[in-house]
Student: 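Structure provided below as structure tokens; questions to follow.
All values below were derived from every heavy atom in this structure, side-chain atoms included, with hydrogens, water molecules and symmetry-related copies excluded. Letters go in sequence order (proteins before strands), and every chain restarts at 1.
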Protein chains: 2
Amino acid sequence: MIDQNIKIAVDAIVFGYEKGTLYVLAVQQRFGKLADRWVLPGGFILDDEPLITAVERELKEEAGITVNYLEQLATFGDNVKRDERFRVISVAYFALVNPKNFVLKADTDAKDAKWFPVAQVPALGYDHNEMVKLAHQRLKSKLTYQPIGFDLLDHEFLFSDLENLYYSILERDIDRRNFRKKILSFGIVKETNKVVKMGASGRPGKLFTFDKKKYNQLLKENFQFDIRFA
Amino acid sequence: MIDQNIKIAVDAIVFGYEKGTLYVLAVQQRFGKLADRWVLPGGFILDDEPLITAVERELKEEAGITVNYLEQLATFGDNVKRDERFRVISVAYFALVNPKNFVLKADTDAKDAKWFPVAQVPALGYDHNEMVKLAHQRLKSKLTYQPIGFDLLDHEFLFSDLENLYYSILERDIDRRNFRKKILSFGIVKETNKVVKMGASGRPGKLFTFDKKKYNQLLKENFQFDIRFA
DNA sequence: TTAAGTTTGTGTAAAAACAACACAAATTTA
DNA sequence: TAAATTTGTGTTGTTTTTACACAAACTTAA
């Protein structure tokens, strides 16, 4: 008979983007040994609950959000001393959301929920900084071979928004003309006929949308999204 | 207090390659409800044992092998009915080995251990066919952006071995000249001065080795291994 | 009202990478 | 000694990538 004294948790690394800054969601713990410490949203799973459902539930409970994109990242569990009573193994999920869509509200277990710029994430509890690091790398690499940037933007966006997103997350210079040409060549970004005056001055720009249907269609024909520049 | 009735296991998808065929390692269960069924090597982890150590231990115990490459693949756990007494969540690992280096020997828990050609893997227990499928995809994609093919070959190999490996695993035609040019251009494959007569007839070929030290060095300088062809 | 500032929108040319392609050299086998 | 097999090697046309600058549409300040 197997005698394990281990519990399973899930944690989510939720990224949000706004005006050139990438944010990570953290919640402040209300109870337990780490009360007041900031940690990633997450918690123990229920016996009959799929892992991803547990993540969605925790995000709803602890921060009041529903994400745009969610995928499994990796499982962490060698950090044996997370809890004194038992070992905790946590399955980390990678998520994207447009922060504008929600007002964060800490519910059940969390005292507070807050966006931290990735560059200024405080020392989190457990091995959560490690998770953030891995998720950040995943975001950067995924941005180049999957059109996930759109999940961080408004439904309708200016080309410069997309460009700035790549620019700021990848921390690389981008040639505006080449970038635009490349993205448009894929045919998965459609121009609306709405024109909007950006923040303040400057020429108004057209709004664009990501055509997910077209993208899924292209995928079947072996299309490979790929953005790499010098 | 958390009351979970879940156990954690690890499973390994071990690939081996020989003469144009890709194999997966499976073991035949000796005990339990699934006695005689073929499954992936794996088992429950110990309370104080890191996940990867558990995988290495199980591979040693159930098949008598030590792999060349090992990385976490994904965690499976929504298949709630794996065992009647409790839910099992399994962390799957992806591994590569050169089958020539070992004689498989089933030890403790396994009745037998055997290589199955990926194209002819039988119906395995649990959700293990799903794991094999995911691992197979991972292998194919990883082959194009990481020099892991070498972990499936002998230390010294003919250029045609490498070429056939790519050819057979990716199931695509390869232009020998372009392939060779590309691989050599990276500078991570070194020519030895040994010449060897291949199987039977034909001109003898030079042996090559993968220069891991050089590769690690290049990685620091932002080198990106990348093999893609029409 | 006009000049300065800001942001969007657009094309071309040079360089690099990729794709397509064939035959001679060294060996074994018939 | 002729046929079969496998290794080894270069060139050319095509495609992709990179580098690069200025006019148009608007706002703001003088």
Student: How large an angle, rounded to 10°, do the end axes of the helix from C:dT1-D:dA30 to C:dA30-D:dT1 enclose when each is built from five base pairs?
Tutor: 0°

Student: Indicate yes or no: does A:D226 engage B:R228 in a salt bridge with an N to O separation below 4.0 Å.
Tutor: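 Looking at B:R228 together with A:D226, the answer is yes, because their closest N to O distance falls below 4.0 Å.
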
Student: I'd like to know if A:K114 pairs up with A:D112 as an ion pair, taking the criterion as any Lys NZ or Arg NE/NH1/NH2 lying under 4.0 Å from an Asp or Glu carboxylate oxygen.
Tutor: no

Student: Do NZ/NE/NH1/NH2 and the carboxylate oxygens of A:R176 and A:E163 come within less than 4.0 Å?
Tutor: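 Looking at A:R176 and A:E163, the cut-off is met.
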
Student: Return a single string for nucleotides 9-14 of chain D, one symbol per nucleotide in 5' to 3' order, where B is base contact, S is sugar-phosphate-only contact and - is none, cutoff 4.0 angstrom on heavy atoms.
Tutor: BBB---

Student: Write down the distance between CG (A:L158) and C1' (D:dA25), rounded to a whole number of angstrom.
Tutor: 14 Å

Student: For A:D127, give me all partners under side-chain contact (heavy atoms from CB on, under 4.5 Å), at least two apart in sequence or on another chain.
Tutor: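 Expected list: A:F76, A:N79, A:R82, A:E130, A:M131.
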
Student: If we only count heavy atoms from C-beta on, is the A:L152 to A:N68 side-chain gap below 4.5 Å?
Tutor: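 Not in contact.
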
Student: Rounded to whole Å, please give me the gap between CG in A:N164 and P in C:dT7.
Tutor: 10 Å

Student: Salt bridge (Lys or Arg N to Asp or Glu O under 4.0 Å) with B:K212: which residues, sequence neighbours excluded?
Tutor: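 Per chain and number, B:K212 pairs via salt bridge (Lys or Arg N to Asp or Glu O under 4.0 Å) with no residue.
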
Student: Tell me if the aromatic rings of A:F225 and A:Y145 count as close, with their centers under 6.0 Å from one another.
Tutor: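 Centroid distance A:F225-A:Y145: not below 6.0 Å, so no.
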
Student: Could you tell me how far apart A:D161 (CG) and C:dG9 (P) are, to the nearest whole angstrom?
Tutor: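 The distance from CG of A:D161 to P of C:dG9 comes to 11 Å, rounded to the nearest Å.
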
Student: Provide, to the nearest angstrom, the distance between the CZ atom belonging to B:R228 and the P atom belonging to C:dA16.
Tutor: 20 Å

Student: Taking the side chain as every heavy atom from C-beta outward, state whether A:Y93 and A:D11 have any atom pair closer than 4.5 Å.
Tutor: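 Counting from C-beta outward, A:Y93 and A:D11 never come under 4.5 Å.
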
Student: Give me each pair satisfying salt bridge (Lys or Arg N to Asp or Glu O under 4.0 Å) with a member in residues 139-157 of chain A, each pair once, sequence neighbours excluded.
Tutor: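 Qualifying pairs, neighbours excluded: A:E71-A:K142, A:K100-A:D154, A:K140-A:E171, A:E156-A:K194.
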
Student: Provide, to the nearest angstrom, the distance between the OH atom belonging to A:Y167 and the P atom belonging to C:dT7.
Tutor: 13 Å

Student: Check nucleotides 3-5 of chain D against the protein and report each pair of N or O atoms closer than 3.5 Å, with its distance, or say if there are none.
Tutor:
from: D:dT5; atom 1: O4'; to: B:S201; atom 2: OG; distance (Å): 3.3
from: D:dT5; atom 1: O2; to: B:G202; atom 2: N; distance (Å): 3.3

Student: Using 4.0 Å as the upper bound for N to carboxylate O, is an ion pair formed by B:E56 and B:K60?
Tutor: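 Looking at B:E56 together with B:K60, the answer is no, because their closest N to O distance does not fall below 4.0 Å.
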
Student: Could you check how far CG of A:D226 sits from C1' of C:dA17, rounded to whole Å?
Tutor: 14 Å

Student: Just the rounded figure in Å: distance from P of C:dA16 to NZ of B:K182.
Tutor: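 These atoms are roughly 16 Å apart.
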
Student: Check the distance between C:dT7's C1' and A:L207's CG and give it to me in whole angstrom.
Tutor: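 Checked: the CG to C1' distance equals 14 Å.
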
Student: If only atom types and distance count, is the side chain of B:D36 paired as donor or acceptor with the main-chain N or O of B:Q28 below 3.5 Å?
Tutor: no

